[in-house]
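Right, one structure below, let's go through it.
Nothing here was measured: the structure is a model prediction, and the numbers come from that model. All values below were derived from every heavy atom in this structure, side-chain atoms included, with hydrogens, water molecules and symmetry-related copies excluded. Positions are given from 1 along the sequence.
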Amino acid sequence: MSFDRSIKIAPSILAADFANFGAECEAIEAQGADWVHVDVMDGHFVPNITFGPAMCAAIRPHIKGVMDVHLMISPVDPYIDAFAQAGADVITAHVEAGPHIHRTLQAIRGAGAKAGVALNPGTPASAVADILDMTDLICVMTVNPGFGGQKFIDMTAKIKSLREMIGDRPIHIEIDGGVDPKTAPLVAQAGADVLVAGSAAFKGGAVTNPAPYGENIRAIRAAAEGTYV
């Protein structure tokens, strides 16, 4: 998994057909997705329950590129090895989910995955100031986590602050929540390079009709790169 700051679109399978996850992963990659984003929720840290390591292991053979696993769970540390063994390339934990985020990031890297840290809308950029050298990705939540399809919360000031803090470190800034062709330019111009899109990526399509996935992904990418009309 090499590093670059080009725009990457990471469709969230939270918006996919739950009965066809393997085929959905193959379809979105064939239609231009750069990463596949997996939202793991526990019904405790966030008010919803989604997937576990077994599901990640099941879809891993269907993903050629990056499997980006976002853990919205607490506690996090006991489950890191399981998600790494399931094939996660990136494992992201919330700074709010436990008392020792530095230890969590160490554990993620120790398990062989890239280490991500997520910030809820109410958490300032300064919360990660002392762990940047332990971090490969910072996920800025632009909704309150727990459900797909929520309205975008403008976090451009936070993104700009993070971009300045990161400097020349090889750290991705990922945006999760309400990303579509209208909001993509705001976050990309502020410094983000990985855009998670759920309903905006999957709307109008299906495994049997995947062409709309490609249209949606291209529209978000073009908007983020400043060429959308």
Side-chain angles (χ1 to χ4, degrees), residues 1-8 10 12 34-42 44-46 51-53 56 60 65-145 155-177 187-188 190-196:
M1 182 179 162
S2 59
F3 178 85
D4 67 76
R5 297 197 189 282
S6 64
I7 295 297
K8 288 160 283 292
S12 168
D34 301 289
W35 294 10
V36 175
H37 188 82
V38 184
D39 287 306
V40 176
M41 305 182 190
D42 65 355
H44 169 68
F45 181 67
V46 294
F51 322 118
C56 290
R60 178 72 259 190
V66 173
M67 185 162 75
D68 177 32
V69 177
H70 178 189
L71 301 183
M72 287 168 272
I73 66 175
S74 179
V76 178
D77 293 7
Y79 302 97
I80 289 170
D81 284 344
F83 282 101
Q85 291 167 12
D89 296 294
V90 182
I91 298 176
T92 296
H94 274 255
V95 72
E96 308 89 357
H100 305 296
I101 188 62
H102 187 281
R103 177 183 294 160
T104 299
L105 295 174
Q106 280 185 316
I108 293 171
R109 283 187 167 181
K114 296 292 185 181
V117 59
L119 301 174
N120 283 336
T123 302
S126 59
V128 298
D130 294 328
I131 54 172
L132 291 176
D133 291 329
M134 295 294 303
T135 304
D136 300 296
L137 177 147
I138 300 171
C139 177
V140 178
M141 296 301 300
T142 44
V143 297
N144 287 296
M155 291 283 127
T156 50
K158 183 189 293 187
I159 299 165
K160 289 177 181 177
S161 294
L162 289 168
R163 178 70 262 155
E164 292 176 3
M165 289 166 56
I166 288 169
D168 61 359
R169 295 178 178 90
I171 300 174
H172 295 291
I173 298 179
E174 179 177 74
I175 306 303
D176 189 352
V187 297
D193 62 288
V194 181
L195 307 185
V196 176

Salt bridge flag under 4.0 Å for residues D133 and R169 | yes
H70 vs M141 side-chain heavy atoms within contact, under 4.5 Å = yes
Do D68 and E174 come within less than 4.5 Å of each other through their side chains, counting heavy atoms only?
-> yes
Do you know which of I101, V128, L105 makes side-chain contact (heavy atoms from CB on, under 4.5 Å) with T135?
-> L105
Of the non-hydrogen atoms in L119 and A125, which two are nearest, and what is the gap between them?
-> CD1-CA, 4.2 Å
If you look at every heavy atom in D42 and I73, which pair is closest and at what distance?
-> OD2-CA, 3.2 Å
Do R109 and D136 have side chains that get closer than 4.5 Å, going by heavy atoms?
-> yes
At what distance, to the nearest 0.5 angstrom, does CZ of R103 lie from CD1 of I131?
-> 14.0 Å
I173 side chain reached by R163 side chain, heavy atoms, under 4.5 Å = yes
S12 and D39: which non-hydrogen atoms are nearest, and at how many Å?
-> OG-OD2, 2.6 Å
Under 3.5 Å, is there a donor-acceptor pair between the side chain of T142 and the main chain of D176?
-> yes
Closest contact, heavy atoms only, A113 versus A88 = CB-O, 3.9 Å
Just how far is it from atom CG of L162 to atom CD1 of I171, taken to the nearest 0.5 Å?
-> 9.0 Å
Please check if atom OH in Y79 has more than 12 non-hydrogen atoms from other residues, nucleotides or ligands closer than 6.0 Å.
-> no
Describe, in one word, how the ring planes of W35 and H172 are oriented to each other, choosing from parallel (under 30°), tilted (30 to 60°) and perpendicular (over 60°).
-> perpendicular
Side-chain contact test, heavy atoms from C-beta onward, threshold under 4.5 Å: evaluate it for F83 versus V38 and give yes or no.
-> no
Heavy-atom side-chain proximity of V140 to V187 below 4.5 angstrom | no
Distance-minimising heavy-atom pair for I108 and G116 | CD1-O, 4.4 Å
Close side-chain approach of K8 to D193, heavy-atom, < 4.5 Å = yes
CG/D4: more than 12 non-hydrogen atoms of other groups inside 6.0 Å = yes
Which residue, V76, N120, T104, forms the side-chain contact (heavy atoms from CB on, under 4.5 Å) with H94?
-> N120
Side chains of K114 and D89 in contact at under 4.5 Å (non-hydrogen atoms) = no
Closest approach of I7 to A192 (non-hydrogen atoms, all atoms of both residues) = CD1-O, 3.7 Å
